[in-house]
Trainee: 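Below you will find the structure I want to go over with you.
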Amino acid sequence: MSASDILLETHEVVVRFGGNTAVDRVGIDVRTGTVTGLIGPNGAGKTTLFNCITGMQRPDAGRIVFAGEDITRLAPGSRARMGMARTFQRLELFLSLSVRDNIRVAGDIVRANTGRRIDVEAETDRVLELTGLTDIAHRDVSDVPTGRARVVEVARALMTQPRLLLLDEPASGQTEQETERFAELLRGLADDGLAVCLVEHDLPLVMGLCSRIHVLDHGALIASGTPAEIQESPAVIEAYIGTEVVA
Amino acid sequence: MTLTQPHDAVRPRRSEEPVLELVGVRAAYGAIEVLKGVDLSVPAGTVCALLGPNGGGKTTTMRVASGLMPTTAGEVRYSGRNVTGITAGEAARLGVCSIPEGRGVFANLTVRENLWVATGTGTSLAEIEEAAYTRFPKLGERRHQLAGSMSGGEQQMLALSRALGTDPAVLLLDELSMGLAPMIVSSMYDIVGALAAEGISILVAEQFARVVLPIADTAALMLGGRIVQVGDPAEIEDELSTTYLGG
Amino acid sequence: MFLTFTVLGLVLGAVYAIAASGLVLTYNTSGIFNFAHGAQAMIGAFTFYQLQVVWGVPTLLAVAIVLGILGPLMGYLLHRFIMGGLRDTAEVTKIVVTVAILLGFVSLSHWVWSPQDARMVRMFFGADSYVSIGGVVIRYHEIICLVAAAGIAIGLRLLFTKSRMGVVMRGAVDDPDLLRLNGHDPERVAAIAWAMGSTLAVLAGILITPVGGGALEANALTLLVIDAFAAALFGRLRSIPRTFVGAVVLGMASTYLVAYAPSNWTWVTNLRDALPMILLFVVLLVLPQDRLRGAAVRTRERYEVPTVRRAAIWGVVLVVATVAFRQLIDDSSVGTLILGLTFAIIALSLTLLTGYAGELNLAPISFGAIATLVAFHTGITGQGLDARMSLTGLVLGVLAAAITGALVALPALRLRGLYLALATLAFGGIVSSMVLRETQPRSWFGHEFALFPQGTIIVWPLKVGPLDLGDQDVFLYTTATIFAVLGVGVIALRNSGYGRRLAAMKDSPAAAVMLGQRLVRLKLSVFMISTAIAGLGGILMSMALSSVTSDHFVYTLSLSLVMLTVVGGIGYVSGALFGGLIAGAGFSLIVGTFNELGSAHPEHASTFSIISHLILVAVALVGVGVAHNPSGNMSSIFAGHRFLAGAPEVRYAAIGVTVVLYGLAYAGVIGTWTFGILVAVLWMALPALGLWLRAERLLPPEALAARRGVPLELVGVDVPYPDGFGGQLDRTLGLPARARRATPTIPAQAQAPSEEGESHVRV
């Protein structure tokens, strides 16, 4: 795997809230054609780092590079138009639209806001098929159970033909079966050349799906590596179970 | 107190009733069901550790127990009384002291003002200040500083001061360790241990299992919105590594 | 001189500060921006006038009554019965409810204190009691204002730092949940804040009138909310000290402006009246952009979008119905009907903007005023009675409205919906106090003319080729057709990619941005289309009125229209028709009918007058009811009629009955009123009638069984458990009540069955 495969990189990113350093000089990377996991205990700074990448949070120091360009100061929308797409932990679906229209509108947005010409109808059908949502395409999205609603968010993101797909806790609210099918979908997308990065609590999912994992603790990056390396890392085990030092 | 308890008449109270009990509790955020039938009890004068990975429902359990979150099914009981549907304010005045996850302090109020708000359950400001500053002299030095500008450890000290000064019957602690350095975490648990020794019943949710197990009388392991195992802390400890990292 | 003006500016600033601090207080503790804040000040000022001037109550006692009883009570009651129920509702709903309260207070004051009578309020201790310091005259009243503001500044400071209640209030802003965990009740805190905020409004109300000249006037006082808001913006609606600074800047700026502007600038007095609104725009421009937060709007509002085909059919129905209805009414009523339809066209601009895009315009009729003026100056051709409006004038007027819309919206578009709503209200104020007061000729771009000559303009009807709106019937049919075409157009727009993008922006701005949508551009475009429609409706309205004065563009009319459209259902074209017809035709019809009745039966004149006023106040109460039914009346009616799809014969029968009734009305057997009421009742009650006559076709078998009455023990055997059955069973068996249902937003289908099923096992 060469350095040229790296699609997204953070360099020494720092975020402070009042007296706390939420993210402390973190450098991670996400590569094309792989699924990368970002894990860590509660309060480790995963969500803050995720927000820095999507542009919802401005870092106090450090750089974020996407597709070779420095995007540290770029607005979220501009990042999206460069090929970055995301899903939301607490679902952000368009509740007044049907499942199909939720996906279709992403195509409408691309057409209206970038120079790209896409056949919205055909692309919508393709994405529905790919994500296995065709059977519920005409349901109101507010009636769709959480597990499949998460798939709708992924499908919507795919309509923008992104290069990087960021997922914020995609497994929460899914049944085991749904999670399995979901992992299958993500694997297929990565095989087709998409870079996927997920923040996730479900560690079995992360271990089984990701080829690389970054572990954050107290705002700092404490380990990066393959699932096997992470599972054996004493630093990671300590971060998750707690210190041996007990009063 | 506006609670009327027809239930009391139906079922007489027994002295050995647990101070806090959840029976078949279900709870949901919107359409996402997070608690799927939780049974948990905290016998009087004991410390119960609620363990498990992130996203397992620990925080929601704490919110239900403190009255912040309504249940969709099941019962919440304080000392054997069915208090399902109690408001958090009523619960607090009944002696349930809950310190929520993250910042349990008002960031835009000073240390002293935070303590002042804590007198809503009936103690005097002088008493609570005395208790807090004796235990944490640092807080005394910073009494006029905004809570949000203090370090995470100091904020957590301030949050714990509420438990010290208000003499609660039950203490609910959620992720005391979140975002704190190991040294500070263990000193926090020293204090929790001391409170337990005074006979306060404590339910503590914690992802760093090892810091809490030594002071716990029982431990409950929570996964996917259910309590999957309850028992002796030592037994549970052996399970942990596999549960967390998906072995 | 400078010192004198500085003191005057300080005094004005002091009163603004008192009003603004109350607004900030309620906004921060309850999250509701109180548009009725100025109206509360107005009620306070009028009550004080009534007590002191009319009833001769000693001044001190009168002050004690309004500040000690009226103010706190009004605030407490508002919170207790209305505002407390608004947590977790959409911003539009919150705004409309406070707007409804504003309108209610205004109609109440017009009822009790006729706006035709002039009322003067004297300064405390009179204008002659003053001290002179270094040549600067300061009246006692002005000293009271300064002392009161200073006292409030200090008092609030003490409250927020030295009292537990104040500290708890600050905590409520931060984290209401944590406050609950500390044993406090955020609702109680909010109720106290409302009582205080209301008292501050009342105080500002009784102090400001003498400072501003002494004439007690309901509209001006009601608009005090804009001045207060402009001041509060300096502190981003949060900081009270900065709000005080803003208020003083505002007060100083307006006195210096009058003092030092060249004397040949005759428009300066108007400018001074509009200054807070202008300053508001300036502050909006420099405010930093809101942070984008992920928060999908889970609101109770639900709108069905019809297909274009269906909409087109209904469009034809509307035009046909208009033609048919015209045959029943006499010539003098045609004008009223036209007026109603033109209002409906203006309301249509809200369907697009608010219903589809989630943004709010509180002054749609003011955009109509701009369009009317441009059309008047560019489009009138011909002389005397043959004068007509040209198509060019119409088009230029519509364009002007769209461009004005862009200018008004731009500063606020980066910010939350509330700011846009306030910007539009401020724009309405500017139109009323500056543009429509340009009654004298002056030089504009080298031409000498008056914008609004003599305060009355004649807007001649449109003539395009053979189409001449000079004929009332032609005008009526044309307006109905325009509404139908625009309505279908708006629905077509909603069904297009553009409309889907609007829905996406409304439902989740964060998600739309993360898909690459440029929000400002989209909001700007929809605001421009919307104001263009409002402009067209405005010009047609002016043509219908023919002789137009500034009273026709007064802000309360805009607010009524917005409110009634929300009541009708702002997500529906039919909601716009409802709102427009009531606001444009209904009001004048009601007032006119009761006035006629009054003159026909002079012995009951006062009773009829009371009834007509009561209706106006009641309409505001209907607006308050929006909190309970935010999707509007049309939504309920449609829901009922969808249910009838299983038995089309019910609707055919209803159509038949309607035709028969029409025939009776046409033949003069029944009156037009009777016909209208009967038809309305028939169609609204149709779902219930259908259920009664055709239950077996409309209900699923288990519901039918339930209607026949299934014995309790067979429920679950013969028929499935209905929702809420568990609770009913518990009550029957005398068991304690179980958990409340979590949040009302859970789709019932997703949750209920499994849950109920399990709990029955327990029972």
Side-chain angles (χ1 to χ4, degrees), chain A residues 47 50-51 54-58 75-98 100-114 116 120-121 139-146 149 152-153 156-162 166 168, chain C residues 90 288-305 355-358 414 493-522 525-526 571-572 631 635 745-754:
Chain A
T47 303
F50 192 87
N51 286 342
T54 56
M56 310 275 265
Q57 172 78 45
R58 210 23 87 80
S78 311
R79 297 177 199 216
R81 291 188 287 276
M82 283 178 68
M84 186 187 279
R86 70 166 290 183
T87 65
F88 295 82
Q89 179 190 355
R90 298 194 75 170
L91 296 168
E92 292 275 337
L93 287 163
F94 305 130
L95 295 174
S96 53
L97 300 179
S98 68
R100 186 166 201 280
D101 279 352
N102 260 273
I103 296 164
R104 182 150 68 142
V105 72
D108 295 325
I109 288 175
V110 169
R111 273 185 72 114
N113 290 275
T114 68
R116 274 183 282 158
V120 176
E121 299 299 317
R139 294 254 298 267
D140 266 358
V141 85
S142 47
D143 296 342
V144 174
T146 314
V152 176
E153 280 211 340
R156 187 177 69 180
L158 290 178
M159 273 302 281
T160 66
Q161 301 170 331
L166 297 157
D168 195 355
Chain C
Q289 179 156 19
D290 277 345
R291 243 190 81 194
L292 194 62
R293 281 197 192 83
V297 192
R298 248 180 204 284
T299 53
R300 289 179 282 156
E301 294 84 348
R302 283 285 170 276
Y303 306 119
E304 301 289 326
V305 187
Y356 296 168
R414 301 167 305 126
L493 200 62
R494 173 61 184 77
N495 281 308
S496 71
Y498 182 79
R500 283 191 294 274
R501 287 194 286 136
L502 292 182
M505 173 174 77
K506 179 185 176 213
D507 288 349
S508 170
V513 165
M514 285 313 300
L515 293 169
Q517 179 60 52
R518 292 181 175 91
L519 288 188
V520 169
R521 200 192 267 188
L522 187 59
S525 67
V526 72
Y572 295 106
S631 306
S635 180
T745 50
I746 307 171
Q749 308 92 304
Q751 290 272 325
S754 65

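Keep in mind that the numbers below use all heavy atoms, side chains included, and drop hydrogens, waters and symmetry copies. Residue numbering restarts at 1 for every chain, and letters A, B, ... go by the order of the sequence lines.
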Trainee: So for A:Thr160, is it side chain, backbone, both, or neither that comes closer than 4.5 Å to the heavy atoms of chain C?
Mentor: side chain
Trainee: Which one of A:Met159, A:Arg86, A:Arg104 has the most heavy-atom pairs closer than 4.5 Å to chain C?
Mentor: A:Arg104
Trainee: What heavy-atom pair brings A:Ala80 and C:Val513 nearest, and what distance separates the two atoms?
Mentor: CB-O, 3.8 Å
Trainee: Work out which heavy atom in A:Arg81 is nearest to a heavy atom in C:Gly516; give both atom names and the distance.
Mentor: NH1-O, 2.7 Å
Trainee: Measuring from atom NZ of C:Lys506 to atom CZ of A:Phe94, what distance do you get when rounded to the nearest 0.5 angstrom?
Mentor: 13.0 Å
Trainee: Against chain C, label A:Arg111 side chain, backbone, both or neither, depending on which of its atoms sit under 4.5 Å from a heavy atom there.
Mentor: neither
Trainee: List the atom of A:Asn113, the atom of C:Gln517, and the distance in Å for their closest heavy-atom pair.
Mentor: ND2-OE1, 2.9 Å
Trainee: So which of C:Gly497, C:Ala503, C:Ala504 has the largest heavy-atom pair count under 4.5 angstrom toward chain A?
Mentor: C:Ala504
Trainee: Using non-hydrogen atoms and a 4.5 Å limit, figure out which bit of A:Ala75 sits close to chain C: side chain, backbone, both or neither.
Mentor: neither
Trainee: If I compare all heavy atoms of A:Ile109 with all of C:Leu515, which pair ends up nearest, and what's the gap?
Mentor: CG2-O, 3.5 Å
Trainee: Between A:Glu92 and C:Ala511, what is the shortest heavy-atom contact and its length?
Mentor: O-CB, 3.5 Å
Trainee: Return the CE to CD distance between C:Met514 and A:Glu153, rounded to the nearest 0.5 Å.
Mentor: 11.5 Å
Trainee: First locate atom OG of C:Ser508, then atom CG of A:Leu95, and finally report the distance between them rounded to the nearest 0.5 Å.
Mentor: 8.5 Å
Trainee: Quick one: pull up CZ in C:Arg500 and OG in A:Ser96 and give me the separation to the nearest 0.5 Å.
Mentor: 12.0 Å
